[in-house]
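One structure is given below, encoded as structure tokens.
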2 protein chains.
Amino acid sequence: MQTALLTKASSSAIPLFSLEAPQFRKSGNTAVTAVGSIHSYAKDEEIFAEGDRSVYVYKVLSGFVRTSKLLSDGRRQIDAFHLSGDVFGIEADDEHRFCAEAVGDCVVIAHRRSNLSALMGNDTLLAQEMTMGMMRSLVRAQNHMLLLGRKSALEKIATFLLDMAERTAGKDALDLPMSRTDIADHLGLTIETVSRSFTQLERQGAIELPSARHVVLANKTALERLNA
Amino acid sequence: MQTALLTKASSSAIPLFSLEAPQFRKSGNTAVTAVGSIHSYAKDEEIFAEGDRSVYVYKVLSGFVRTSKLLSDGRRQIDAFHLSGDVFGIEADDEHRFCAEAVGDCVVIAHRRSNLSALMGNDTLLAQEMTMGMMRSLVRAQNHMLLLGRKSALEKIATFLLDMAERTAGKDALDLPMSRTDIADHLGLTIETVSRSFTQLERQGAIELPSARHVVLANKTALERLNA
DNA sequence: CGCTAATTTGATCAGACTCAAGTGAAGTGG
DNA sequence: CCACTTCACTTGAGTCTGATCAAATTAGCG
């Protein structure tokens, strides 16, 4: 998963959605020239709901977004967490098939997708970005199905931690922005099992838990062995 | 390895306009104008393996194809069954991330994807079809993650049967082309649990099982209630 | 500092798995 | 055409992982 194209597409250095460029200057390092509109959301705020008309596609500028689906009785499956640079909200239909919420405070850029031709028939940067975003989502989904269908609780947690570490810091420590409930609903577990698995990994010396949301990957080899 | 593809497949690698190709089941707009080669595969024959170079994208013309991933110890997850009209084998990278095999005898059309621009930058019908295929795969994957992560064995089977019925006959009976093992590896269960769930649904009067592979959806309402 | 929410831990339960045997259908060859 | 083999599926018994129910602890926060 280290194609030049993939890397290029995921690189936040490349200005996205840059068509006419009404100079929108973000403070600090990020200077975004965008035709989309920038939106901020507070923790747990809804960006769009399941069933909403699909009007925009989004890209995370900062913070974390979760997309999820619900069963009628409230059981929830978080299909993905989206980090800075990730595209989400692409739909084939004109209706969102999952909901998107801010995990913590976050900023996203929204681009109106007037119709599908924006994705399919155009050789624009936006179309390419959306296609690449979709491909990445698909790869992620396929890996996640393997996890959900065939991995044990401990393996799920190990895989999750390694993946999060790689996507964020890339170092041997990470701050989890999401709750145990979110992790459970992402991995197809309960919060109790998530908590117990963390504890077990800590006792095995694979990780350290200075606090609940801060994880040190003390023994990556052990984690990778669990990653199967 | 594309050699395997060419030698093992008892194929007439005859380039055809797909208008001349065997009947498309897909309704509506599907009319491909691209050239591809037609290949036939016998039951359980490999179309491509995990790790193979990704040279073609495929579309099922007849029969069923399964795409799956493996863990190092052999645990398998079938991420999807592909029916007539379905596109599979699209990769962001130049390497296949899952393997594809014929569930029963089947015929596919292979399109060489010399590069990604065929998918991203072109306004061709093929590009559109691939994009649509990818979108459908993503929607399927998202629904399937909900199933794998949050549904009970009985619910999984009910959902699977309703989905298969809708995708094939659309009527109240269907012939399953795949084994219990395939179903188990698709739903994240064991064959024993699959079998027991079938039996239980039969006892509840939701389905009838004239034979193991032939299912009559006797009470769709009951199944849909389980579909949550 | 006290209140609330999040997380951890404990005890018990249940759904799905494992191991094992039995049944049945499809071919194969005599 | 019928024994014989084989493979797929079903069924049964016991086990175990992860869920549920419940309580304790910790962390945030006004």
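Predicted, not measured: the structure shown is a model, and the values here were computed from it. Worth knowing before you read on, the calculation uses all heavy atoms, side chains too, and leaves out hydrogens, waters and symmetry mates. Order of the sequence lines sets the chain letters (A, B, ...), proteins ahead of strands, with each chain counted from 1.
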| Any donor-acceptor pair under 3.5 Å from Arg113(B) side chain to Glu91(B) backbone | yes
| said: Using a strict heavy-atom distance below 4.0 Å, which residues from residues 208-219 of chain B are in contact with DNA chain C? | reply: none
| remark: In numerical order, the residues of residues 171-182 of chain B whose heavy atoms come under 4.0 Å of DNA chain D are Ser179(B), Arg180(B)
| Protein-nucleotide distance (Ile191(B), atom CD1; dG22(C), atom P), rounded to Å | 17 Å
| remark: To the nearest 0.5 Å, atom CG of Leu148(B) lies from atom CE of Met145(A) at 7.5 Å
| remark: Leu187(B) atom CG is separated from dG15(C) atom C1', nearest whole Å, by 16 Å
| If every non-hydrogen atom of Ala42(B) is compared with every non-hydrogen atom of Ala102(B), which pair is closest and at what distance? | O-CB, 3.3 Å
| request: Scan for ring pair (Phe, Tyr, Trp, His ring centres under 6.0 Å) pairs involving residues 132-153 of chain B, sequence neighbours excluded, and state none if there are none. | output: His144(B)-His186(B)
| field | ring-ring contact (aromatic ring centres under 6.0 Å, His included) partner of Phe48(A), the single match among Tyr56(A), Tyr41(A), Tyr58(A) | value | Tyr58(A)
| field | Salt bridge Asp185(A)-Arg150(B), side-chain N to carboxylate O under 4.0 Å | value | yes
| message | Between Asp86(A) and Arg167(A) (salt bridge meaning N to carboxylate O under 4.0 Å), is one present in this structure? | response | yes
| Partner set under side chain to side chain contact (heavy atoms under 4.5 Å, CB included) for Ser137(B), not counting sequence neighbours | Leu138(A)
Can you list, pair by pair, the side-chain donor-acceptor contacts under 3.5 Å of residues 212-228 of chain A, counting residues two or more places apart and other chains?
from      : atom 1 : to        : atom 2 : distance (Å)
Arg213(A) : NH1    : Pro177(A) : O      : 3.2
His214(A) : ND1    : Asp175(A) : OD1    : 2.6
Asn219(A) : OD1    : Thr221(A) : N      : 3.3
Asn219(A) : OD1    : Ala222(A) : N      : 3.1
Lys220(A) : NZ     : Asp172(A) : OD1    : 3.2
Asn227(A) : OD1    : Lys151(A) : NZ     : 3.3
Asn227(A) : OD1    : Thr159(A) : OG1    : 2.7

| Please give, in whole Å, the distance from dT17(D) C1' to Glu155(A) CD? | 12 Å
| message | Measure CG/Leu148(B) against C1'/dG18(D) and give the value in whole Å, please. | response | 17 Å
| message | Output the rounded distance in Å from CD1 (Ile157(B)) to C1' (dT10(D)). | response | 14 Å
Distances for protein N or O near nucleotides 16-18 of chain C N or O, under 3.5 Å:
from    : atom 1 : to        : atom 2 : distance (Å)
dA16(C) : OP1    : Ala153(B) : N      : 2.7
dC17(C) : OP2    : Thr190(B) : N      : 3.4
dC17(C) : OP2    : Thr190(B) : OG1    : 3.1
dC17(C) : OP2    : Thr193(B) : OG1    : 2.4
dT18(C) : O4     : Arg196(B) : NH2    : 3.0

| field | Nearest-Å distance for atom pair CZ/P, residues Phe198(B) and dT11(D) | value | 12 Å
| message | Output the rounded distance in Å from CG (Asp185(A)) to C1' (dA19(D)). | response | 14 Å
| message | Without decimals, in angstroms, what is the distance between Glu202(B) CD and dC9(D) C1'? | response | 13 Å
| said: Walk me through whether Arg66(B) and Asp44(B) qualify under salt bridge (Lys or Arg N to Asp or Glu O under 4.0 Å). | reply: CA-CA 9 Å; Arg66(B) 63 172 175 259; Asp44(B) 292 327; 3.1 Å; yes
| query | Hey, is the side chain of Thr199(B) poking within less than 4.0 Å of OP1 or OP2 on dT11(D), counting only N and O atoms? | reply | yes
| How far does NE2 of His96(B) sit from CG of Asp52(B), to the nearest 0.5 angstrom? | 6.5 Å
